[in-house]
Amino acid sequence: MDWLVFPGADKSEAAVNLDKELQNIVTAHWENGGKIAAICAAPALVLGPLGIISGTPATGYPFLKDEFEKNGGTYSDDNVVITDRLITSKGPGTTLEFALAVVRIAKGEETEKALREGMVIM
């Protein structure tokens, strides 16, 4: 598995409240050089407690900025933040930009370009 991709969700949703088994899978994936993409609340509520955003710039839902900092992350106001193995994005309004970033990093600029042209994204 090359990538784990996490959707955003309300704090009460299972998508951002991983059980211990899933936490172990995510942590092992990251520690073994795996790549992760997360949007909305997931960077702060899933990746933060696991130490994945610690010491690195990332973004997510703006109201969760304190959660980033509580877990050692550096919150960015950018819509999408890309590092060598991590892509994070703010929320629902940035989903297209987030998805295209994942495609670009995972499959290359030519694939992203073809997708943009096919979807008439300028």
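All figures in this text were calculated on a predicted structure; none of them were measured in a lab. The chain is numbered in sequence order, starting from 1.
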**OP:** Is it possible for you to say whether Val102 and Phe6 belong to one hydrophobic cluster, with membership spreading through side-chain heavy-atom contacts below 4.5 Å?
**Re:** no

Original post:
When rounded to the nearest 0.5 angstrom, what is the spacing between CD1 in Ile121 and NZ in Lys113?
Top reply: 14.0 Å

Original post:
What is the distance from atom OG1 of Thr88 to atom OH of Tyr75, rounded to the nearest 0.5 Å?
Top reply: 9.0 Å

Original post:
Is it true that Ile36 and Val5 fall in one hydrophobic cluster, defined by side-chain heavy atoms closer than 4.5 Å?
Top reply: no

**OP:** Take Thr111 and Arg104 through the side chain to side chain contact (heavy atoms under 4.5 Å, CB included) test and state the conclusion after the steps.
**Re:** CA-CA 7 Å; Thr111 302; Arg104 181 173 60 253; over 6 Å; no

Original post:
Between Thr83 (side chain) and Leu86 (backbone), is there a donor-acceptor pair under 3.5 Å?
Top reply: yes

**OP:** Give a yes or no on whether Phe68 and Val81 share a hydrophobic cluster (residues Ile, Leu, Val, Met, Phe, Trp, Tyr; joining criterion: side-chain heavy atoms under 4.5 Å apart).
**Re:** no

**OP:** Identify, with sequence neighbours excluded, every residue that meets salt bridge (Lys or Arg N to Asp or Glu O under 4.0 Å) alongside Glu67.
**Re:** Lys70

Show every donor-acceptor pair shorter than 3.5 Å between a side-chain atom in residues 39-64 and any protein atom, with sequence neighbours excluded, or say none if there are none.
| residue | atom | partner | partner atom | Å |
| --- | --- | --- | --- | --- |
| Thr59 | OG1 | Ser76 | O | 2.8 |
| Thr59 | OG1 | Asp78 | O | 3.1 |

Residues 18-30, side-chain donor-acceptor partners within the protein, below 3.5 Å, at least two apart:
| residue | atom | partner | partner atom | Å |
| --- | --- | --- | --- | --- |
| Asp19 | OD1 | Glu21 | N | 3.2 |
| Asp19 | OD1 | Leu22 | N | 2.8 |
| Gln23 | NE2 | Leu18 | O | 2.9 |
| Asn24 | ND2 | Lys20 | O | 3.4 |
| Thr27 | OG1 | Gln23 | O | 2.9 |
| His29 | NE2 | Lys35 | N | 3.1 |
| His29 | NE2 | Lys35 | O | 2.8 |

Original post:
Would Ile105 and Leu100 show up in the same hydrophobic cluster when neighbours are defined by side-chain heavy atoms closer than 4.5 Å?
Top reply: no

**OP:** Give a yes or no on whether the backbone of Gly34 and the side-chain of Arg85 come within a donor-acceptor separation of less than 3.5 Å.
**Re:** yes

Original post:
If you round to the nearest 0.5 Å, how far is CE of Met1 from CG of Leu4?
Top reply: 5.5 Å

**OP:** Hey, could you give me the NZ/CG distance between Lys90 and Asn79, rounded to the nearest 0.5 Å?
**Re:** 5.5 Å

Subject >> NZ on Lys107 to CG on Leu115, rounded to 0.5 Å >> reply: 12.5 Å

